[in-house]
Amino acid sequence: MTTDRYEPQGNEAKWQKAWARADIYRTRDEHPGPKYYILEMFPYPSGRIHMGHVRNYAMGDVVARYRRARGYNVLHPMGWDAFGMPAENAAMQQKTHPATWTWANIATMRGQLQSMGLSIDWSREVATCSPAYYRHQQAMFLDFLAKGLVDRKKSRVNWDPVDHTVLANEQVIDGRGWRSGALVESRDLTQWFFKISDYAEDLNSALDGLERWPEKVRLMQRNWIGRSEGLLLRFALTAPQGHVKEIEVYTTRPDTLFGAKFIALAADHPLAAQCAAGNSELAAFIESCRQMGTSVAALETAEKRGFDTGLKAVHPLDPNIEIPVWVANFVLMDYGTGAVFGCPAHDQRDLDFVNAYGLGNIPVVCPEGQDPASFVITTKAYDGDGLMINSRFLDGMTISAAKAEVSSRLSGQLLDGRPQARAQVNFKLRDWGISRQRYWGCPIPVIHCEACGTVPVPRADLPVVLPEDVTFDKPGNPLDRHPTWAHVPCPQCGKAARRETDTMDTFVDSSWYFARFTDAANEQQPVSPAMASKWLPVDQYIGGIEHAILHLLYSRYFTRAMHRDGLVALDEPFAGLFTQGMVVHETYGGPEGGWLSPAEVVIENGPGGRSARRRSDNAAVRIGAIEKMSKSRRNTVDPDEIISTYGADTARWFMLSDSPPERDVAWTEEGVQGAFRFVQRLWRLTNDLAGFAAPLGTAPLADGDETSMAVRKAAHQALARVTADVERLRFNRCVAHIYELSNVLGAELGKVESETPPDSLRAAFREAGEILVQLFALMMPHLAEECWQVLGHDDLVAMAPWPQLQEALLEESTITLPIQINGKRRDEITVARDMAAAEIERLTLAQEKVQRALEGRAVRKFIIVPQRIINVVV
RNA sequence: GCGGGCGUGGCGGAAUUGGCAGACGCGCCGGACUCAAAAUCCGGUUCUGGUGACAGAGUGUCGGUUCGACCCCGACCGCCCGCACCA
């Protein structure tokens with residue numbers, strides 16, 4: 001009986017050194033096994049790792065260790081998403097340089113990750129803020145520019161006049177900049193774009209092939225891309241407005257054309273501006289529309305408002321119908337053509353609009369079961385199926401037939417010498433604007449020359465490196481006001497010119513790092529095509545759901561662009577995707593209000609439930625909701641503290657137990673203590689096993705006594721289940737199977753303790769002990785090495801091949817079948833595995849309990865589901 | 001508003017995808033060891049009734065399909081997430 005406690009502190013460091021010395025996690029190209037690329041989303045070096053990282057990387061490490069044991073050549077790298085705003089914020093607040101701050105954070109966090117004992121090939125580490133990384137990004141930008149994948153165009157942006165920078169939509173809160181609080185302006189700015197919309201169709205249709213992605217993520221991407229099939233349709237004006245004779249609209253409901261009651265133009269539509277030139281009231285209305293717009297809250301509550309331009313349009317299918325043209329606040333300029341026709345009966349927005357202005361509506365689709373003569377629309381538009389009414393030659397058609405009919409008629413009808421309509425597929429997806437007016441990002445490698453225009457930086461001059469002597473005491477982009485950096489001669493004509501001072505969106509950095517890892521030291525290219533095709537796609541990618549759209553969509557686009565650039569030979573970078581849940585924690589309300597951190601609180605469990613008091617003065621503490629760990633709620637737990645108290649193995653084990661990995665997991669003190677107790681239990685169990693186990697290398701017996709076979713069976717059953725569940729990333733179930741095996745082994749050990757066990761049992765303990773250690777080595781690699789040694793090994797369990805499953809052990813010669821009477825379980829019966837149905841039936845009906853439950857009623861039906869259950873119907 | 005997901009003991013969750021509901025863990029209760037506590041070990045723990053064997057109820061609610069439903073179908077209730085004037 002071992003009484004020593006396992007001490008994680010010294011042992012974990014010891015084994016980390018041993019792994020490093022043996023260099024076993026370095027990926028070797030000459031490895032004979034099939035490749036397996038496991039990747040977790042690389043972290044932003046914010047300062048310290050948090051529990052979310054622990055969970056994410058613990059999961060990836062299980063997969064990496066498992067695949068390695070299965071003989072795969074595993075690539076499991078790590079790097080840093082190192083550019084971005086927080087470094088500049090820190091520079092402003094703490095007067096440290098973004099580079100200093102970032103590299104210091106990287107050093108800290110690398111140390112923290114290493115203390116987790118992850119099986120990472122650190123020789124491939126990259127940081128996106130390093131010129132060795134971003135020089136290739138600049139080279140690719142120039143390639144993409146040459147191949148027409150990049151565009152420079154004006155676009156309307158949220159401009160913060162205090163911080164002198166562009167804000168993303170989510171950084172605008174109630175019309176104000178999230179940091180400065182300044183009223184955000186809408187500005188036209190010339191910006192760089194990746195033409196992702198050119199790939200909209202492909203990015204959409206290829207989602208079908210991503211079978212190992214969560215359906216949820218594919219759906220989110222599909223909605224974001226927003227493919228729709230419709231018709232571009234031109235309306236003639238009854239009288240030209242200046243030189244404008246027609247209005248083009250986009251519609252997905254050409255079937256409802258006879259229900260059209262108005263045409264609405266976006267406030268920014270050129271024709272609206274033209275009409276406003278001679279109409280100051282309209283001009284004022286347009287101005288008021290522009291001022292709204294930015295705030296999300298305003299959009300939610302905005303009423304439908306409009307202004308009649310006085311123009312009339314001719315109905316394309318009946319020249320006698322005139323349709324009024326309005327300017328409306330709910331029409332978007334940058335989708336479709338910036339103009340729509342409104343069919344109020346079948347579109348809620350249009351209905352709200354006509355109800356506000358008394359324009360009326362005509363229903364043209366009648367739901368099944370409704371009488372067309374009495375079907376009216378008042379406040380709720382009908383957008384369901386039905387048959388056409390009030391639509392002349394369309395009457396009685398289905399919606400899709402009517403769409404086709406209108407489409408073909410108008411495509412064949414000429415207006416001003418051209419077909420009046422044509423089919424068009426539209427997307428919500430816009431081009432990806434990558435210009436940021438920031439310092440801490442990858443410089444965009446172009447030079448603006450007054451004579452030559454936009455000139456690429458010559459390849460020989462790459463990388464364009466960020467200047468180090470910058471200041472953050474003033475708002476705006478430090479690159480812009482740097483005295484010398486931007487001033488360079490034009491590479492073409494040699495005259496004085498100016499560098500682009502915008503830097504790239506940090507999503508660009510993370511759109512290809514997974515490819516860089518395959519060839520991280522390559523100085524000539526971002527990645528060599530040979531290495532890329534050896535390793536890509538990533539077989540399993542693991543990260544947070546918050547990246548479901550942007551990061552993953554941009555990476556899919558970027559991979560296509562790199563494909564076109566000849567760097568990679570595939571379009572989809574991530575064959576398998578898994579999105580893990582968050583780490584959440586209880587919140588604690590202090591006696592004086594505000595929040596207390598878990599460290600300040602003592603939890604008490606009693607029959608009446610949980611209660612909490614403050615550690616310092618025993619004051620009562622309110623236990624609040626379980627929420628995402630955040631500084632503001634003070635419900636964070638520091639991984640360093642957990643690791644120094646309990647060890648990395650305990651932290652990893654707890655992060656993987658209980659909750660399914662895609663769901664949120666609640667961090668609790670009781671839970672982590674339970675995990676720590678199990679670490680100790682495994683340590684004792686392994687030591688006790690080692691005392692009884694047969695010598696190293698002893699083969700188990702195929703026909704031992706009953707106890708030995710039970711031990712063997714339990715081990716192989718656990719092996720089979722853990723194998724199946726780790727393949728499906730169901731780590732919580734793996735944990736349960738390991739508990740079960742250790743329960744069985746503990747019980748069997750307890751029975752034999754005082755005797756000398758027979759050889760067959762000693763051999764079974766040897767086998768089962770090794771299987772147990774190998775199973776938990778995926779989650780608790782340090783403890784596993786220590787236990788492996790206790791079992792007599794002098795090599796590393798991290799290098800051991802996965803145990804061979806003995807299927808024969810799992811096959812029982814007899815099975816126990818539950819017996820149901822009318823669907824209620826009444827008894828069970830143990831029979832030979834291959835017993836004939838008639839025999840089972842005879843035995844079942846002979847059972848005493850069955851006879852009692854039947855109460856003499858006649859058996860109507862006798863159902864045997866082989867290997868499963870018996871149901872007697874009376 | 002649109003789209004998606006989820007509701008199982010005191011808690012996290014499991015149920016081989018239509019076949020013994022509650023595996024495993026946490027918590028709790030009882031016992032052993034101890035002068036005592038911690039640690040550890042053993043037993044119990046869905047609810048109701050019964051000392052007990054056992055009986056009844058039970059997977060958000062109501063209904064349906066089925067020999068059999070946590071699982072499939074319909075309606076409703078509640079919670080969570082995503083998108084949001086995209087014509």
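Chain letters run A, B, ... following the sequence lines, proteins first, then strands; residues in each count from 1.
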Exercise. Over how many whole Å does the gap from A:Lys428 atom NZ to B:C85 atom P extend?
Worked result: 9 Å
Exercise. Hey, are A:Arg218 and A:Asn223 close enough side-chain-wise for a donor-acceptor pair under 3.5 Å?
Worked result: no
Exercise. On RNA chain B, nearest-nucleotide positions of A:Lys304 versus A:Lys216: which is more 5'?
Worked result: A:Lys216
Distances under 3.5 Å only, N/O to N/O: pair up the protein atoms with those of nucleotides 73-79 of chain B.
none

For this session: Name the residue closer to the 5' end of RNA chain B, choosing between A:Asn223 and A:Asn426 according to the nucleotide with the nearest heavy atom.
Result: A:Asn223
Exercise. Just to confirm, is there a sub-4.0 Å distance from OP1 or OP2 of B:A69 to any side-chain nitrogen or oxygen of A:Lys824?
Worked result: no
Exercise. Do the non-hydrogen side-chain atoms of A:Leu257 and A:Phe341 ever get within less than 4.5 Å of each other?
Worked result: yes
Exercise. For atom C1', what is the distance between B:U46 and B:C11, given to the nearest Å?
Worked result: 13 Å
Exercise. How many Å lie between CD1 on A:Ile549 and C1' on B:G3, as a whole number?
Worked result: 12 Å
For this session: If the glycosidic angle is within 90 degrees of 0 it's syn, otherwise anti, so just tell me which one B:G82 is.
Result: anti
Problem set entry | A:Arg663 side-chain proximity, nearest of B:U16, B:G13, B:C83 | B:G13
Problem set entry | N or O in side chain of A:Arg825 less than 4.0 angstrom from B:G19 OP1/OP2 | no
Exercise. So what does A:Lys849 touch, heavy atoms closer than 4.0 Å: a base, only the sugar-phosphate, or nothing?
Worked result: sugar-phosphate
Problem set entry | A:Glu211, CD: over 12 other non-hydrogen atoms inside 6.0 angstrom | no
Exercise. Where does the angle between the aromatic ring planes of A:Trp683 and A:Tyr6 fall among parallel (under 30°), tilted (30 to 60°) and perpendicular (over 60°)?
Worked result: tilted
Exercise. With respect to the side chain of A:Gln820, which nucleotide from B:G82, B:G3, B:G19 is positioned closest?
Worked result: B:G19
Exercise. With rounding to whole Å, what would you report as the distance between B:G58 and B:G9 at their P atoms?
Worked result: 14 Å
For this session: Write down the distance separating the P atoms in B:C24 and B:G74, rounded off to the nearest Å.
Result: 36 Å
Problem set entry | Polar side chain donor-acceptor pair, A:Arg826 to A:Gln847, under 3.5 angstrom | no
Exercise. CZ of A:Arg860 versus C1' of B:G68: gap in Å, rounded?
Worked result: 13 Å
For this session: Using a heavy-atom cut-off of under 4.0 Å over every strand shown, decide if A:Arg430 touches base, sugar-phosphate, or nothing.
Result: base
Exercise. Quick one: stems for RNA chain B, with Watson-Crick or G-U pairs under 3.5 Å, at least three in a row?
Worked result: B:1-7 with B:77-83, B:10-12 with B:24-26, B:27-32 with B:40-45, B:46-49 with B:54-57, B:60-64 with B:72-76
For this session: For each nucleotide in nucleotides 23-32 of chain B, reading 5' to 3', give B when a protein heavy atom comes within less than 4.0 Å of its base, S when such contact involves only the sugar-phosphate, and - otherwise.
Result: BSSSSSS---
Exercise. Has A:Arg825 got more than 12 heavy atoms of other residues, nucleotides or ligands less than 6.0 Å from its CZ?
Worked result: yes
For this session: Look at all strands and tell whether A:Val340 reaches a base, only sugar-phosphate, or nothing, counting heavy atoms closer than 4.0 Å.
Result: base
For this session: Return the value, rounded to whole Å, for the distance between atom CD of A:Glu546 and atom C1' of B:C83.
Result: 17 Å
For this session: Quickly work out the A:Trp224 CH2 to B:G4 C1' distance and round it to whole Å.
Result: 17 Å
Exercise. Any side-chain donor-acceptor pair under 3.5 Å between A:Thr830 and A:Thr814?
Worked result: no
Problem set entry | Interatomic distance where CD belongs to A:Glu748 and P belongs to B:C42 [whole Å] | 12 Å
Exercise. Where does the angle between the aromatic ring planes of A:His547 and A:His551 fall among parallel (under 30°), tilted (30 to 60°) and perpendicular (over 60°)?
Worked result: perpendicular
Exercise. Do A:Gln424 and A:Asn426 have side-chain atoms, one donor and one acceptor, less than 3.5 Å apart?
Worked result: yes
Exercise. Using the glycosidic torsion, which applies to B:U16: syn (within 90° of 0) or anti (everything else)?
Worked result: anti
Exercise. A:Tyr335 has a side chain; which of B:A87, B:A57, B:C54 sits nearest to it?
Worked result: B:A87
For this session: May I ask you to decide if the ring planes of A:Phe262 and A:Phe330 are parallel, tilted or perpendicular, using 30° and 60° as cut-offs?
Result: perpendicular
Exercise. Between B:G3, B:C20, B:C41, which nucleotide gets closest to the side-chain atoms of A:Leu219?
Worked result: B:G3
Exercise. Would you say A:His346's side chain and A:Asp383's backbone share a donor-acceptor pair under 3.5 angstrom?
Worked result: no
For this session: Would you mind reading off the distance between A:Ile603 atom CD1 and B:G12 atom P, rounded to a whole angstrom?
Result: 16 Å
Exercise. Any luck finding a side-chain donor-acceptor pair between A:Glu670 and A:Asn605 under 3.5 Å?
Worked result: yes
Exercise. Separation of A:Arg826 atom CZ from B:A53 atom P, in whole Å?
Worked result: 16 Å
Exercise. Does a donor on one side chain and an acceptor on the other come within less than 3.5 Å for A:Asn732 and A:Ser657?
Worked result: no
